[in-house]
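So the structure is just underneath, and the comments pick up after that.
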Amino acid sequence: MNVFPGELYAVACSPTDPVLVATGGGDDKGFLWKIGHADWASELQGHTDSVSTLAFSSDGQLLASGGFDGLVKVWDTFGNFKRTLEGPGGGIEWIRWHPKGHLILAGSEDCTAWMWNADNGNCLNVFSGHDAIVTCGDFTPDGKTICTGSEDATLRIWNPRSGESIHVVRGHPYHTEGLTCLSISSDSTLAITGSKDGSVHIVNITTGKVVSSCSSQTGSTDGNPESIECVLFAPNFPWAVFGGMDQNLTIWDLQNSSPRFICNHEEGVTCLAWLGASKFLATGCCDGRICIWNCLSGECIETFKGHEHAIQSLAVSSNLEFLVSVSMDGTARVFEIRDFC
């Protein structure tokens, strides 16, 4: 266990170094550290507000940190500062790297998304069109398209070279409230989005049309829908998974457009992580628990305890031996998962 002052919001594991981890939180700092090396850590200084998001480049050479100060900072894997990427007029909500190069995409509170060349700091494009915070987004795995979701209840599909919006998905049969999360299928054809309205929709990226929909199974005590907090496509199965404040994980069969299993939790589900390309999925919850699910059977096969408050983010080491979690309790914890991969 690593203890950090303040709440922790973000964690990322290196895609090439099986023990290298980055964490960031409410003390305006990030840290690079190594699993099993208690004496090795590098502090990432320079943000003037909470570090909200972290991501390693796909080749593992660089780390990007985003803060509520509106800045994205680039580091090498020893924690040496490389450069600051400026431009957004509001806090950074998320960061993603291009799957094949050193391009960074980030979504901001100022209704825009930005793309930079991380090697020289040049801004390559600003994606303007949303009317509210850009809460989620990513490159498609083939690197040819960008998808962003917003508090304005729209999904926008962009051409990364021209910055033009190819499709705007809005209105019936799409979300009625702000988007909270987004995932893109490995073949770059589908985007799945979750929303505060308790619904999940799957969109064909090429056509911009909704092809499948599902709603939260239960509402809150006041009759309002419970927010969907996290969505993912399965890497090796025709499934999507999503979880939210209705205390459920839904394993969705893409071929039949119906739930395979609805897996109940004691409290809301805040984050998800596939354990590699396996049938096993980790859920992080509001009560500080982490559950491991066999998605073929719908069974919870392990529960990890130790956190005292809500899990904010999960990451899996590149060798699939460790699951790292960060929590509002100010700690990062490492759990062994080699038996599930």
Discussion item. Assess the residue pair T16 and F56 against the criterion (side chain to side chain contact (heavy atoms under 4.5 Å, CB included)); give the C-alpha distance rounded to whole Å, side-chain angles, the decisive distance to 0.1 Å, and a yes or no.
Written reply: CA-CA 10 Å; T16 55; F56 283 95; over 6 Å; no
Item to complete: Check step by step if side chain to side chain contact (heavy atoms under 4.5 Å, CB included) holds for L182 and L155.
Response: CA-CA 9 Å; L182 174 152; L155 171 72; 3.5 Å; yes
Item to complete: For the pair E299 and W293, evaluate side chain to side chain contact (heavy atoms under 4.5 Å, CB included) and give the outcome as yes or no after the intermediate values.
Response: CA-CA 6 Å; E299 296 176 293; W293 298 88; 5.8 Å; no
Worksheet item: When you look at V241 and W274, which way does the side chain to side chain contact (heavy atoms under 4.5 Å, CB included) test go after all the steps?
Response: CA-CA 10 Å; V241 292; W274 284 104; 3.8 Å; yes
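Taken from CG in L63 to OG1 in T77, the straight-line distance is 9.0 Å, to the nearest 0.5 Å. From Y9, atom OH reaches atom CG of L54 across 13.0 Å, with rounding to the nearest 0.5 Å. Separation of atoms CD1 (I292) and OG (S278) is listed at 9.0 Å; rounding is to 0.5 Å. F127 contributes atom CZ, which lies 8.5 Å from atom OG1 of T148 (distance to the nearest 0.5 angstrom). The distance from atom CZ of F81 to atom OG of S42, rounded to the nearest 0.5 Å, is 13.0 Å. Distance check: L85 CG to N117 CG gives 9.0 Å after rounding to the nearest 0.5 Å.
Put simply, the side chain of C147 does not reach to within 4.5 Å of the side chain of F139, judged on heavy atoms. With a 4.5 Å cut-off on side-chain heavy atoms, M115 and I146 count as touching. Between I251 and C263 the shortest side-chain heavy-atom distance falls below 4.5 Å. Side-chain atoms of C230 and V269, non-hydrogen and from C-beta on, do get closer than 4.5 Å to each other. Between T140 and I184 the shortest side-chain heavy-atom distance falls below 4.5 Å. Looking at heavy atoms from C-beta onward, H37 lies in side-chain contact with D39 at the 4.5 angstrom threshold. Looking at heavy atoms from C-beta onward, W252 lies in side-chain contact with S212 at the 4.5 angstrom threshold. The shortest distance between side-chain heavy atoms of T270 and M245 falls below 4.5 Å.
Panel note: side chain N125, backbone P160; a donor-acceptor pair is recorded below 3.5 Å. Side-chain atoms of N248 never come within 3.5 Å of backbone atoms of I262 as a donor-acceptor pair (strictly under, hydrogens ignored). A distance-only check finds no donor-acceptor pair linking the side chain of S186 to the backbone of P235 [under 3.5 Å]. Between the D329 side chain and the E308 main chain, a donor and an acceptor come within less than 3.5 Å of each other. Put simply, the side chain of S150 gets close to the backbone of I133: a donor and an acceptor are under 3.5 Å apart. Remark: side-chain polar atoms of E109 are paired, donor with acceptor, to backbone N or O of G91 under 3.5 angstrom.
Screening residues 49-58 for side-chain hydrogen bond (donor to acceptor under 3.5 Å, both in side chains), with sequence neighbours left out, gives S57-D59. Listed by first and then second residue, the side-chain hydrogen bond (donor to acceptor under 3.5 Å, both in side chains) pairs involving residues 81-100 are K73-T84 (not counting sequence neighbours).
Aromatic pair F237/W239: ring centres closer than 6.0 Å.
Contact between G284 and I311 at its shortest, heavy atoms only, is CA-CB, 3.9 Å. The minimum heavy-atom distance between L281 and C295, with the atom names listed, is CB-SG, 3.8 Å. Taking both residues in full, the closest heavy atoms of A282 and L275 are given as CB-CD2, 4.2 Å, listed atom of the first, atom of the second, then distance. The two residues D253 and N256 come nearest to each other via the heavy atoms OD1-N, 3.1 Å. Residues S325 and L314 come closest through the heavy atom pair CB-CD2, 3.6 Å. Shown here for V231 and I192, the closest heavy-atom pair between the two residues is CG2-O, 3.6 Å.
A chain of hydrophobic side-chain contacts below 4.5 Å, direct or via other Ile, Leu, Val, Met, Phe, Trp or Tyr residues, connects V19 to V326. In the hydrophobic clustering of ILVMFWY residues, with side-chain heavy atoms under 4.5 Å counting as a link, V169 and L179 come out together. I104 and V126 fall within the same hydrophobic cluster, defined by Ile, Leu, Val, Met, Phe, Trp and Tyr side-chain heavy atoms under 4.5 Å apart, directly or through other members. If you chain together hydrophobic residues whose side chains sit under 4.5 Å apart, V72 and L62 fall into the same group. I35 and L8 fall within a single hydrophobic cluster, where Ile, Leu, Val, Met, Phe, Trp and Tyr side chains are chained together by heavy-atom contacts under 4.5 Å.
Under the side chain to side chain contact (heavy atoms under 4.5 Å, CB included) rule, F280 has a single partner from L320, L296, I301, which is I301. In summary, of the residues considered (C286, C285, C300), a side chain to side chain contact (heavy atoms under 4.5 Å, CB included) with H265 occurs for C285 alone. Across E151, E229, E226, a single residue satisfies salt bridge (charged side-chain N to carboxylate O under 4.0 Å, His left out) together with K196, and that is E151. Evaluated for a side chain to side chain contact (heavy atoms under 4.5 Å, CB included) with H175, the options T154, I228, D197 yield exactly one hit, D197.
In this structure, a donor-acceptor pair under 3.5 Å is absent between the side chains of Y174 and S195. Side-chain N/O atoms of D187 and S185 include a donor and acceptor closer than 3.5 Å. Between the side chains of S108 and W114, no donor-acceptor pair of N or O atoms lies under 3.5 Å.
Atom CD of E267 has more than 12 heavy atoms from other residues, nucleotides or ligands within 6.0 Å. With a 6.0 Å radius and a threshold of 12 heavy atoms from other residues, nucleotides or ligands, E43 has its CD atom above the threshold.
Aromatic ring orientation, W158 versus H130: perpendicular (interplanar angle above 60°, classes split at 30° and 60°).
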